[in-house]
Amino acid sequence: MTFENPSREHIKEILASAGNIAVVGLSDKPDRTSYMVSAAMQSRGYRIIPVNPNATEILGEKCYASLSDIPEPVDIVNVFRRADQVVPVAEEAAKIKAKVFWLQLDIVNEEAGRIASEAGLEVIMDRCIKVEDAILNPRNN
């Protein structure tokens with residue numbers, strides 16, 4: 001069965017109800033895509049929780065080594081990792097009972113999607129969260 005993302009209308013609902021967005025693979029380097037996307041989302045009012053074992057703080061937020069280390073609920077797990085590295089992230093997202101497993105643009109992994117989906121998470125793949133938010137919530141631009 002081929003994976004299909006939720007409708008744009010449903011993605012809009014997901015973003016509207018999002019509180020905490022844990023960003024796996026968030027770089028502390030301002031020239032990296034993960035940093036730029038997360039900074040833009042933060043400036044639009046989203047709470048970003050960095051997940052990077054090699055940093056202590058990114059974008060003014062405490063950084064966590066793993067999703068399991070985050071001491072509060074996570075709505076969206078936004079992933080900036082290569083497709084061959086996302087299955088363990090999906091397993092951990094399921095373990096912490098996140099609501100959404102989101103793979104950024106050009107990242108697709110059917111097994112990770114299946115793991116997250118079977119655990120009850122909404123799954124979005126190969127979509128940029130910043131672009132989706134800009135398209136679906138233009139008043140915030």
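Side-chain contact between Lys62 and Thr56: absent, with no pair of heavy atoms (C-beta onward) separated by less than 4.5 Å. At least one side-chain heavy atom of Cys63 sits under 4.5 Å from a side-chain heavy atom of Ile58. Residues Asp28 and Leu59 fail the side-chain proximity criterion, which asks for heavy atoms closer than 4.5 Å. Gln42 has its side chain within reach of Glu61: a pair of non-hydrogen atoms, C-beta onward, lies under 4.5 Å apart. Counting heavy atoms from C-beta outward, Asp126 and Leu103 have side chains that stay 4.5 Å or more apart.
Heavy-atom minimum distance, Ala22 versus Val51: CB-CG2, 4.2 Å. Nearest heavy atoms, Val123 versus Ser117: CG2-N, 3.7 Å. Contact between Ala119 and Ala94 at its shortest, heavy atoms only, is CB-CB, 3.4 Å. Residue Asn52 comes nearest to Ser27 through the heavy atom pair ND2-CA, 4.2 Å, listed as atom of the first residue, atom of the second, then distance. In plain terms, the two heavy atoms of Ala112 and Ala90 that are nearest each other are O-CB, 3.5 Å. Closest of all the heavy-atom pairs between Ser38 and Ile48 is O-CG1, 3.6 Å.
Judged by distance alone, the side chain of Arg44 and the main-chain N or O of Asp133 form a donor-acceptor pair under 3.5 Å. For Ser43 (side chain) and Ala40 (main-chain N/O), a donor-acceptor pair under 3.5 Å exists by modelled atom type.
Pairs of residues two or more places apart, or lying in two chains, that qualify as salt bridge (Lys or Arg N to Asp or Glu O under 4.0 Å) and include a residue from residues 87-107 are Asp75-Lys99.
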Passes side chain to side chain contact (heavy atoms under 4.5 Å, CB included), Leu26 versus Phe80? Steps please. CA-CA 7 Å; Leu26 176 52; Phe80 284 90; 6.0 Å; no

Kindly determine whether Lys29 and Tyr35 satisfy side chain to side chain contact (heavy atoms under 4.5 Å, CB included), including the steps that lead there. CA-CA 7 Å; Lys29 296 175 176 62; Tyr35 186 98; over 6 Å; no

Under the side chain to side chain contact (heavy atoms under 4.5 Å, CB included) criterion, do Gln104 and Met125 qualify, and how do the steps go? CA-CA 6 Å; Gln104 278 294 127; Met125 293 194 266; over 6 Å; no

Give the intermediate values and the outcome of side chain to side chain contact (heavy atoms under 4.5 Å, CB included) for residues Leu136 and Arg8. CA-CA 8 Å; Leu136 298 170; Arg8 277 259 159 88; 3.6 Å; yes

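Criterion: ILVMFWY side-chain heavy atoms under 4.5 Å apart, direct or through other members. Under it, Val74 and Ile115 are not part of a common hydrophobic cluster. Under the 4.5 Å side-chain contact rule for hydrophobic residues, Leu121 and Val108 share a cluster. Leu15 and Met36 sit in two unconnected hydrophobic clusters of ILVMFWY residues. Membership requires side-chain heavy atoms under 4.5 Å apart, directly or through other members. In the hydrophobic clustering of this structure, Val79 does not group with Leu105; members are Ile, Leu, Val, Met, Phe, Trp, Tyr whose side-chain heavy atoms approach within less than 4.5 Å, directly or through other members. Both Tyr64 and Ile96 are members of a single hydrophobic cluster when ILVMFWY side chains are connected at heavy-atom separations under 4.5 Å.
Applying the side chain to side chain donor-acceptor pair (under 3.5 Å) test to Arg81 and every residue at least two apart in sequence or in another chain returns Gln85.
Taken from NZ in Lys12 to OG in Ser17, the straight-line distance is 13.0 Å, to the nearest 0.5 Å. Between the CZ atom in Arg127 and the CD atom in Glu132 there is a gap of 4.5 Å [rounded to 0.5 Å]. Put simply, CD1 on Ile21 and CG on Asn78 are 7.0 Å apart, with the number rounded to the nearest 0.5 Å. A distance of 13.5 Å separates CZ in Arg114 from CZ in Phe3, rounded to the nearest 0.5 Å. Ile11 CD1 to Ile129 CD1: the interatomic distance, rounded to the nearest 0.5 Å, is 9.5 Å. Taken to the nearest 0.5 Å, the CG atom of Asp69 stands 12.0 Å off from the CD1 atom of Ile49.
Asn20 and Tyr46 share no side-chain donor-acceptor pair at under 3.5 Å.
Heavy-atom contacts from other residues, nucleotides or ligands closer than 6.0 Å to CD of Glu4 number 12 or fewer. Enclosure of atom CZ in Arg32 is not indicated, since only 12 or fewer non-hydrogen atoms of other residues, nucleotides or ligands lie within 6.0 angstrom.
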